[in-house]
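Please read the structure below before turning to the comments.
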Amino acid sequence: MKKQMFFVASLCSAIALTVIPVNAQGGGVQSSVPFKFTVSGKTLPAGQYTMIASSNQVRIQDAHGRMVAMVLANDVSGRSAGDNGKIIFHCYRDYCFLSEVWAPTELNGRQLLTSRTEAGLAKEERAKYFALVGEKPQKRQ
């Protein structure tokens, strides 16, 4: 009986470990960002990124799949993510800040917390909103 319970518990654990990463990857929005932007106090260069929205956070991967940033985020509703999702930036003069990530597999978007730097710039001028529509992920061969 103990062997059967151990086997069932091991099987459930193996299935959970297999399903969780696949589900987390499903919440991603892939896009080519044509300008440098700031997230969590870190400035990232223009390039190909995947933003993975999950519960209370957004993880950002570069074109090579390396995680380059992870930031806390709140649920936000009221918009549609569309078929491939979208990414919204707030831009002030030469500075752009990642603001929202809308993954096509999620009911709500994720809104990043406003940094002190962005809040200071927002006092001086109104932000310009810049939205990027997610790209359809390429199948790996």
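Values below: all heavy atoms of this structure, side chains included; hydrogens, waters and symmetry mates excluded. In what follows, residues are counted from 1 in the order of the sequence shown. Please read all numbers here as calculations on a predicted model, not as lab measurements.
- Considering all non-hydrogen atoms of both residues, G109 and W102 come closest at N-CZ3, 3.2 Å.
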Next on the checklist: Run T43 and Y95 through side chain to side chain contact (heavy atoms under 4.5 Å, CB included) and show every step you take.
Outcome noted: CA-CA 9 Å; T43 300; Y95 301 96; over 6 Å; no
Next on the checklist: For a side chain to side chain contact (heavy atoms under 4.5 Å, CB included) check, start with the C-alpha distance between R59 and Q61, then their side-chain angles and the critical distance, and finish with the verdict.
Outcome noted: CA-CA 7 Å; R59 293 186 318 272; Q61 294 179 345; 5.7 Å; no
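- Hydrophobic clustering, with ILVMFWY side chains joined whenever heavy atoms are under 4.5 angstrom apart, groups V71 together with V68.
- When every heavy atom of E135 is checked against every heavy atom of S32, the shortest pair comes out as OE2-N, 3.1 Å.
- Both V39 and L132 are members of a single hydrophobic cluster when ILVMFWY side chains are connected at heavy-atom separations under 4.5 Å.
- Counting only distance, with no hydrogens or angles, the side chain of R110 and the backbone of Q57 share no donor-acceptor pair below 3.5 Å.
- Taking NZ of K36 as the reference point, atom CG of L44 lies at 11.5 Å (rounded to 0.5 Å).
- For R126, the salt bridge (charged side-chain N to carboxylate O under 4.0 Å, His left out) criterion is met by no residue, not counting sequence neighbours.
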Next on the checklist: Is there a side chain to side chain contact (heavy atoms under 4.5 Å, CB included) between I60 and L98? Walk through the geometry before answering.
Outcome noted: CA-CA 11 Å; I60 303 167; L98 179 61; 3.7 Å; yes
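- For Y49, the ring-ring contact (aromatic ring centres under 6.0 Å, His included) criterion is met by F37, not counting sequence neighbours.
- For the atom pair CE of M51 and NZ of K86, the computed distance is 15.0 Å after rounding to the nearest 0.5 Å.
- To the nearest 0.5 Å, atoms CG (N74) and CG (N108) are separated by 11.0 Å.
- V58 and M70 fall into different hydrophobic clusters, where Ile, Leu, Val, Met, Phe, Trp and Tyr residues are linked whenever their side-chain heavy atoms come under 4.5 Å apart, directly or through other members.
- The shortest heavy-atom contact between V29 and A103 is CG2-CA, 3.5 Å.
- The structure places OG1 of T50 at 12.0 Å from NE2 of H64, a figure rounded to the nearest 0.5 Å.
- Among the candidates F97, F35, Y129, the single residue satisfying the side-chain contact (heavy atoms from CB on, under 4.5 Å) test with F89 is F35.
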Distance-only check: which donor-acceptor pairs under 3.5 Å involve side-chain atoms of residues 111-120, not counting sequence neighbours?
residue: S115; atom: OG; partner: E118; partner atom: N; Å: 3.1
residue: E118; atom: OE2; partner: H90; partner atom: ND1; Å: 2.8
residue: E118; atom: OE2; partner: Y92; partner atom: OH; Å: 3.3

